[in-house]
**Q** 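One structure coming up, written as structure tokens, with questions to follow.
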Amino acid sequence: MALSPVALAPDQVLYEQVADRLQQLITHGTLKPGDRLPSVRKLRAQLSVSTSTVMEAYRLLEDRGMVVVRPQSGYYVKQTNLQLPQEPAATAPPRQATDIDISLAFEVVSLMRDPGLIQLGAALPALEMLPLTQLNRLMGKVLRDNAHLAHSYGTPLGVPDLRAELAKRMLDAGCSVHPEQMVITNGANEAIYFCLQALTQPGDTVVVESPTYFAMLEALKCLRLKALTLPTHPRDGISLPHLEEALQTGEVKAVLLVSNFSNPLGSCMDDRKKKQLVELLNQFDTPLIEDDVYGDIYFEGTRPKAIKAFDTENRVLYCSSVSKTLSPGLRVGWCNGGRYHAEIARMKSIINQNTAIAPQLTVMAFLANGGYDRHLRQLRRTYHEQLLRMQQAVRDYFPAETCITRPTGGHVLWLEMPEGFDSMRLYKEALAMGIAIAPGVMFSASGHCYSNCFRLNTAVPWSENVEQAIQTLGLLTKRQLAENFLRDDR
Ligand SMILES: Cc1ncc(COP(=O)(O)O)c(C=O)c1O
């Protein structure tokens with residue numbers, strides 16, 4: 001995009017004129033939400049104006065809420081300029097503890113290995129977005145340098161240097177923790193499983209958000225626990241008044257939730273809410289298992305704090321992994337168990353002795369060589385752009401009744417259709433056309449809620465094929481809604 005030099009209108013200062021022209025390009029759609037504005041140097045040359053004029057123009061656009069600045073990256077057209085369909089309201093799941101019924105998850109997860117499908121189902125980063133060349137190179141070196149160590153049993157808690165490095169990284173999430181209380185696990189899911197096991201007995205009740213990440217439901221089922229699902233808002237997560245009511249019953253053994261950019265709603269609590277949540281937990285002497293696998297994937301500003309950052313009594317068990325940012329296959333996750341650390345460490349050593357050493361050393365080497373932050377900056381940009389494009393495609397191809405979430409991080413979108421819509425039917429029809437999605441019932445503890453909803457994974461590089469897949473999903477959705485309308489009208 002090239003702009004011609006600006007002629008100064010007598011009644012307007014130059015930087016305002018530059019800002020207005022850029023604003024026009026945004027409102028006319030030439031510059032789309034998520035697009036990067038030209039660099040200051042480039043625009044200065046194109047318009048024959050000074051650096052400070054361009055800077056002032058960009059600041060003015062920022063004040064007008066048209067653009068956002070991303071540190072060390074530049075100015076971007078803001079997402080809210082996008083006229084999106086409505087946002088789903090807070091959920092209203094049945095509020096009694098239920099036995100869990102989720103038979104579909106296994107099938108959907110098995111499909112994620114099918115290269116013939118457009119993968120909008122499982123919440124997985126496409127491998128081309130990950131630094132595989134560097135990781136493979138580092139792993140080769142790790143194996144050469146540790147020819148014996150890499151094949152031995154390690155200590156159950158994990159490689160000490162990695163535990164220290166990860167404890168240091170938790171400072172970014174506002175948590176000051178001791179490396180000794182870190183346990184390396186095979187991914188975040190294993191960490192969550194150990195935490196649940198450390199805190200509960202079969203038959204106990206655990207509070208979860210609703211909809212809920214299905215692997216959490218699977219872990220609860222395996223451990224013969226009951227899920228108490230609470231209303232959850234797509235912007236800021238679980239309802240605290242409802243949580244307080246649940247805690248007052250004395251039945252809740254633990255709370256389990258995703259604090260930042262949850263799966264599937266994409267919600268993220270603000271600091272005030274995180275602090276209030278910890279106060280409630282303290283008041284009712286209840287532990288919280290916090291899953292923060294998406295915390296590093298924020299689109300604007302700074303990394304959101306973990307709930308653990310507000311944990312005054314060490315009752316938050318923090319779980320995360322590198323599965324969303326570096327490699328899901330290395331299976332490197334971790335847990336800071338707070339006051340429950342000893343029990344989690346015991347569980348780890350009983351159940352699988354230790355996590356494989358070569359992946360731990362590889363992750364350690366990647367974190368230590370300084371490339372991780374650079375990689376994260378790029379990854380956040382890519383995830384954000386892809387999510388914006390998918391939202392736009394949903395706006396363009398789906399029926400007007402569609403509601404869609406507006407996550408400010410992570411890589412999933414939740415779509416809600418009118419009652420009566422059957423996302424299992426959409427799932428089957430889409431599969432037949434080579435597209436995988438995650439139907440809403442997978443995220444329901446009873447297996448009966450959210451049949452009118454589904455989740456899309458946005459961590460796939462944008463391409464014509466992906467756009468066509470969204471178009472196809474939109475057509476299938478429109479057809480089903482039209483049939484429902486005719487049936488109800490009869
Ligand atoms: C919220 C959440 N937690 C945990 C995981 C899995 O993490 P890991 O692969 O490290 O076990 C996922 C993957 O989709 C997730 O969405």
Side-chain angles (χ1 to χ4, degrees), residues 102 105-106 108-113 119-127 129-130 135 158 162 166 169 173 182-196 206 208-220 222 227 232 234 237-238 255-269 288-298 304 306-307 317-336 348 351-352 355-356 359-360 362-363 383 387 405 407 409-414 436-438 442-443 455-460:
I102 33 147
F106 186 68
V108 173
V109 171
S110 314
L111 290 172
M112 76 194 183
R113 287 179 201 88
Q119 290 292 354
L120 308 179
L124 277 184
L127 293 180
M129 295 165 47
L130 301 176
L135 285 171
L162 179 61
L166 291 171
R169 290 217 153 243
M182 302 288 280
V183 178
I184 306 296
T185 57
N186 290 307
N189 281 351
E190 187 184 74
I192 292 166
Y193 191 88
F194 289 154
C195 291
L196 283 169
V206 175
V208 289
E209 306 155 287
S210 183
T212 319
Y213 167 47
F214 59 83
M216 289 179 170
L217 296 174
E218 283 175 318
L220 294 177
C222 264
T232 305
I238 202 160
V255 180
L256 166 61
L257 48 83
V258 187
S259 45
N260 297 315
F261 320 122
S262 70
N263 176 4
L265 285 184
S267 61
C268 183
M269 286 183 189
L288 167 80
I289 304 170
E290 173 178 23
D291 176 351
D292 193 22
V293 288
Y294 295 105
D296 278 339
I297 313 172
Y298 53 95
I307 297 170
L317 301 88
Y318 179 92
C319 305
S320 193
S321 76
V322 296
S323 300
K324 306 296 167 187
T325 53
L326 270 189
S327 161
L330 286 180
R331 306 305 301 137
V332 173
W334 63 95
C335 171
N336 183 287
K348 174 75 187 169
I351 292 179
N352 72 3
T355 293
Q360 292 188 64
T362 305
V363 170
Y383 275 149
L387 187 130
T405 48
H411 58 72
V412 291
L413 285 173
W414 181 250
I437 61 164
M442 282 175 68
F443 305 92
R455 187 194 70 185
L456 295 177
N457 171 37
T458 66
V460 282

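Heads up: numbering here begins at 1 and tracks the sequence. One-based numbering, in listed order, for ligands and for the atoms of each.
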**Q** Can a donor-acceptor pair be found between the side chains of Y318 and D292 at a distance below 3.5 Å?
**A** yes
**Q** Test: salt bridge (Lys or Arg N to Asp or Glu O under 4.0 Å). Region: residues 182-195. Which pairs qualify, not counting sequence neighbours?
**A** E190-K348
**Q** Donor-acceptor pair, distance only, cut-off 3.5 Å: does the side chain of S262 make one with the backbone of P264?
**A** no
**Q** With sequence neighbours excluded, tell me which residues meet side chain to side chain contact (heavy atoms under 4.5 Å, CB included) with T458.
**A** L387, M390, H411, L413
**Q** At less than 3.5 Å, what protein N or O atoms come close to the N or O atoms of ligand 1? Include the distances to 0.1 Å.
**A**
unit_1: ligand 1; atom_1: 3 (N); unit_2: D291; atom_2: OD2; d: 2.5
unit_1: ligand 1; atom_1: 9 (O); unit_2: S323; atom_2: OG; d: 3.0
unit_1: ligand 1; atom_1: 9 (O); unit_2: R331; atom_2: NH1; d: 2.8
unit_1: ligand 1; atom_1: 10 (O); unit_2: A188; atom_2: N; d: 2.8
unit_1: ligand 1; atom_1: 10 (O); unit_2: S321; atom_2: OG; d: 2.7
unit_1: ligand 1; atom_1: 10 (O); unit_2: S323; atom_2: OG; d: 2.6
unit_1: ligand 1; atom_1: 11 (O); unit_2: A188; atom_2: N; d: 3.1
unit_1: ligand 1; atom_1: 11 (O); unit_2: N189; atom_2: N; d: 2.9
unit_1: ligand 1; atom_1: 11 (O); unit_2: R331; atom_2: NH2; d: 2.9
unit_1: ligand 1; atom_1: 14 (O); unit_2: K324; atom_2: NZ; d: 2.7
unit_1: ligand 1; atom_1: 16 (O); unit_2: N263; atom_2: ND2; d: 2.7
unit_1: ligand 1; atom_1: 16 (O); unit_2: Y294; atom_2: OH; d: 2.7

**Q** List in chain and number order the residues that pass side chain to side chain contact (heavy atoms under 4.5 Å, CB included) with V412, two or more places apart in sequence or in another chain; answer none if no residue qualifies.
**A** A123, N263, R455
**Q** So, for Q119 and A436, which heavy atoms are closest and what is the spacing to 0.1 Å?
**A** OE1-CB, 3.9 Å
